[in-house]
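Have a look at the structure below, then the notes.
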Amino acid sequence: MMKKLWPHARPYGKWIAAGVACSALEAVFELLIPLVMSDIVDVGIKNADQAFILREGGLMVAMAMVSLAFGLGAAVFSSVAGQGFGANLRRAEYDHIQEFAFSNIEKFSTASLVTRLTNDVNAMQMTLMMGMRLLVRAPVMLVSALVLSIRISLRLSSVFLAAMPLLLIAVALILTRVGPMFRSLQEKTDALNLVVQENLAGIRVVKSFVREEHEKEKFAARNRDLKDTSLRAFGMVVINMPIMMLIVNGTIIAVMWFGGHMVFAGTLGDGKLLTYFTYISQIMMSLMMVSMMFMMLSRSVACARRIVEVLEERPAITDGGAETDADGAPAAVRDGSIDFDHVSFKYNSESPEWILRDVNLHIPSGATVGILGGTGSAKTTLVSLIPRLYEAGEGTVSVGGRPVGAYTMEHLRDAVSMVLQKNTLFSGTIRENLLWGDPNASEEELWAACRAACADEFLERMPDGLDTDLGQGGVNVSGGQKQRLCIARAILKKPKVLILDDSTSAVDTATDAKIRSAFANELREATKLIIAQRVASVRDADMILVMDGGRIAAQGTHAELMESCEIYRDVYQSQLEGVSIDG
Ligand SMILES: Nc1ncnc2c1ncn2[C@@H]1O[C@H](COP(=O)(O)OP(=O)(O)OP(=O)(O)O)[C@@H](O)[C@H]1O
Ligand SMILES: [Mg+2]
């Protein structure tokens with residue numbers, strides 16, 4: 001785990017070293033001050049030497065100042081190192097998440113990834129910051145006080161040396177119990193974040209169903225759960241205290257008992273016994289610091305594991321097996337032909353049922369293909385395999401005569417443009433969003449794409465045209481307008497394959513027809529896959545696929561399917577009736 005995390009701290013190695021050095025020096029000077037003090041008492045006061053007292057007093061002030069300066073230095077260095085480490089770690093995690101395939105993200109859940117990027121990293125950087133001070137100070141104090149107390153009396157120290165293993169066992173016991181609790185604490189944080197994220201993302205739905213009260217309850221429940229878990233975890237940490245105190249006080253009583261006997265027997269001076277108590281309290285203080293530090297460490301181990309899990313997650317889909325063309329450049333997609341060869345697929349590798357079953361399909365380049373089928377019949381799943389959003393479980397999906405895995409992701413997805421069913425625009429202007437399709441598109445090209453997607457009519461009516469600000473997630477445009485902008489964005493890529501997943505569902509029938517005829521004229525070369533609910537949207541296609549329960553139930557032209565496919569005929573009839581009732 002350290003191996004995975006250390007590279008992100010390494011650039012701050014110098015700061016860490018400086019911070020550790022400062023903390024150690026701070027502790028050393030703090031330990032030296034009592035020595036000067038004892039000189040003042042033993043020599044200065046005893047001899048009534050005022051000059052000596054003033055000189056030593058001055059020395060004490062100077063030492064205190066130096067110690068303060070080192071303390072400040074330690075604080076500054078450890079903050080820089082801690083924050084820098086945190087920033088590096090977040091950056092590495094975020095960059096890695098960008099490589100994830102959908103299936104990777106679904107495995108972690110978005111909310112958990114957010115916690116792992118924020119909360120978990122914060123805990124790690126806090127630990128580094130605090131650890132640099134405490135983990136250095138405490139051992140330095142501990143060792144020096146131990147040495148000094150053993151110098152006073154080895155015999156008396158054996159009492160204390162016997163108590164140490166007890167302390168260690170107690171701490172170890174608590175640590176083994178508290179570790180899993182911290183892990184569950186972070187999971188509860190995930191659960192809370194999930195509620196918040198879903199609620200805020202879907203706030204319009206929440207409001208329209210007047211579900212605020214229900215949502216508040218849901219939040220309260222998770223919040224309570226989080227509170228209870230952290231009370232339990234930190235309660236365990238706090239139990240540490242009384243146990244420590246018990247052992248510490250026991251030790252002090254034992255030292256009093258044995259020390260007292262030694263004083264009576266004349267083997268130990270009474271002044272020495274008093275000094276001995278000062279050191280013992282120092283030793284105990286530092287032991288407590290160390291044990292607290294271990295508690296903190298066990299929390300950050302839980303967090304570190306979660307971060308490393310993300311960093312170690314292998315993207316499910318990579319450019320791994322990319323082929324090259326004859327000239328050595330990465331394989332380019334030659335044309336828009338698409339082949340499915342005995343393709344089966346399921347989202348969850350453990351589930352027994354296939355979502356897509358043994359699909360065979362050949363689509364020639366440039367064809368227009370309509371895809372119909374009931375809800376959940378795996379239409380979206382089928383087309384998601386073409387730009388390799390998911391990887392086929394069995395069989396091969398090919399584009400342009402090569403398996404999709406033979407291309408680099410960039411080449412494949414530049415050639416295959418997909419308008420998702422749940423499409424998204426990002427905050428920024430319309431122009432900025434369209435430029436995702438082609439960063440170098442000219443003004444003319446932008447408008448041409450908008451015309452093809454029938455987005456020009458409403459854009460012309462907007463006061464700022466292409467420079468209209470969309471707001472977060474594109475809230476400033478209607479559902480149908482958003483769909484048309486997403487189509488325009490996809491067209492700008494000048495794809496070899498264009499996939500529209502129910503992308504004109506919110507567009508009126510006349511506009512839908514206009515968009516389709518624009519495709520036929522302007523994207524003649526591209527293979528067009530159109531998933532639709534309305535038969536009218538796919539009627540003129542070269543080929544229509546009827547999906548049913550993860551299989552292609554029938555395929556053919558409109559006329560052929562009317563002849564041969566009962567499902568198709570039924571859908572067609574029912575929609576015709578719909579039209580006649582409407583009209
Ligand atoms: N990300 C996912 N993880 C797990 N199962 C999924 C996922 N997406 C879809 N499914 C399942 O796969 C099946 C097919 O879903 P798919 O989205 O392909 O249907 P669809 O034909 O596009 O439906 P619709 O017309 O409603 O869009 C459904 O039963 C669904 O439960
Ligand atoms: Mg779908």
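Please read these numbers as outputs of a predicted model, since none were measured by experiment. Ligands are counted one by one from 1 in listed order, and the atoms in each one are counted from 1 as well. Basis for what follows: all heavy atoms, side chains included, without hydrogens, waters or symmetry-related copies.
Closest to atom 3 (N) of ligand 1 among all protein heavy atoms lies Tyr347 CG, 3.4 Å. Closest to atom 22 (O) of ligand 1, if we only count protein heavy atoms, is Thr380 OG1, 2.5 Å. The closest protein non-hydrogen atom to atom 21 (O) of ligand 1 is Lys379 N, 2.8 Å.
Looking at heavy atoms from C-beta onward, Leu466 lies in side-chain contact with Glu443 at the 4.5 angstrom threshold. Leu529 has its side chain out of reach of Ile531: every pair of non-hydrogen atoms, C-beta onward, lies at least 4.5 Å apart. Annotation: side chain of Leu420 is not in contact with side chain of Thr380 (no heavy-atom distance under 4.5 Å). Between Leu311 and Glu93 the shortest side-chain heavy-atom distance falls below 4.5 Å.
Taking any N or O of Gly376, backbone or side chain, at least one lies under 3.5 Å from an N or O belonging to ligand 1. On a distance-only criterion, Gly373 and ligand 1 share no N/O pair closer than 3.5 Å.
Of the protein's heavy atoms, at least one falls inside 4.0 Å of atom 10 (N) of ligand 1. Distance remark: protein heavy atom present below 4.0 angstrom from atom 6 (C) of ligand 1.
Paired with Val383 under the rule side-chain contact (heavy atoms from CB on, under 4.5 Å), one option of Ile338, Leu389, Ile530, Ile499 passes, and it is Ile499.
For ligand 1, the atoms sitting less than 4.0 Å from at least one non-hydrogen atom of Ser377 are 19 (O), 21 (O), numbered in the order shown with element in parentheses. Remark: ligand 1 atoms within the under-4.0 Å shell around heavy atoms of Thr375 are 23 (O), 25 (O), 26 (O). Residue-ligand proximity, Glu106 to ligand 1, at heavy-atom distances under 4.0 Å covers atoms 1 (N). Interface of Tyr390 with ligand 1, defined as ligand atoms under 4.0 Å from a residue heavy atom, comprises 1 (N). Ligand-side atoms of ligand 1 in range of Gln533: 25 (O), range being under 4.0 angstrom from any heavy atom.
More than 12 non-hydrogen atoms from other residues, nucleotides or ligands lie less than 6.0 angstrom from CZ of Arg413. Arg91 CZ: 12 or fewer foreign heavy atoms inside a 6.0 Å radius.
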Determine all donor-acceptor pairs shorter than 3.5 Å in which one atom belongs to a side chain in residues 113-124; sequence neighbours excluded.
| from | atom 1 | to | atom 2 | distance (Å) |
| --- | --- | --- | --- | --- |
| Thr115 | OG1 | Ala111 | O | 2.9 |
| Thr115 | OG1 | Asp190 | OD1 | 2.7 |
| Thr115 | OG1 | Asn193 | ND2 | 3.1 |
| Arg116 | NE | Ser112 | OG | 2.8 |
| Arg116 | NH1 | Arg306 | O | 3.1 |
| Arg116 | NH1 | Glu309 | OE1 | 2.9 |
| Arg116 | NH2 | Ser112 | OG | 3.4 |
| Thr118 | OG1 | Val114 | O | 2.8 |
| Asn119 | OD1 | Gln186 | NE2 | 3.4 |
| Asp120 | OD1 | Gln186 | NE2 | 2.4 |
| Asp120 | OD2 | Arg306 | NE | 2.5 |
| Asp120 | OD2 | Arg306 | NH2 | 3.1 |

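When the heavy-atom distances from atom 18 (O) of ligand 1 to Asp501, Ile105, Thr381, Ile371 are ranked, the shortest goes to Thr381.
Judged by the shortest distance from any of its heavy atoms, Phe345 lies outside the 4.0 Å radius around the atoms of ligand 1.
By the criterion of a heavy-atom distance under 4.0 Å, the side chain of Gln421, and not its backbone, is placed next to ligand 1. Heavy atoms of Ile355 found under 4.0 angstrom from ligand 1 belong exclusively to the side chain.
Residues Tyr347 and Thr381 have side chains that bring a donor and an acceptor to within less than 3.5 angstrom of each other. In summary, the side chains of Asn423 and Gln483 do not present any donor paired with an acceptor at a separation below 3.5 Å, with no hydrogens or angles considered.
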Q. Would Arg451 and Asp456 count as a salt bridge (Lys or Arg N to Asp or Glu O under 4.0 Å) if you check the C-alpha gap in whole Å, the side-chain angles of each, and the deciding distance to 0.1 Å?
A. CA-CA 5 Å; Arg451 267 195 304 279; Asp456 54 331; 5.3 Å; no

Q. Can you check side chain to side chain contact (heavy atoms under 4.5 Å, CB included) on Glu394 and Val343, steps first, answer last?
A. CA-CA 5 Å; Glu394 281 176 10; Val343 173; over 6 Å; no

Q.
Please determine whether side chain to side chain contact (heavy atoms under 4.5 Å, CB included) holds for the pair Cys486 and Leu425, giving the CA-CA distance in whole Å, both sets of side-chain angles, and the decisive distance to 0.1 Å.
A. CA-CA 7 Å; Cys486 289; Leu425 294 169; 3.9 Å; yes

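In terms of modelled atom types and a separation under 3.5 Å, the side chain of Asp508 and the main chain of Thr511 share a donor-acceptor contact.
For the Mg ion (ligand 2), the tally of protein N/O/S atoms lying closer than 2.8 Å stands at 2.
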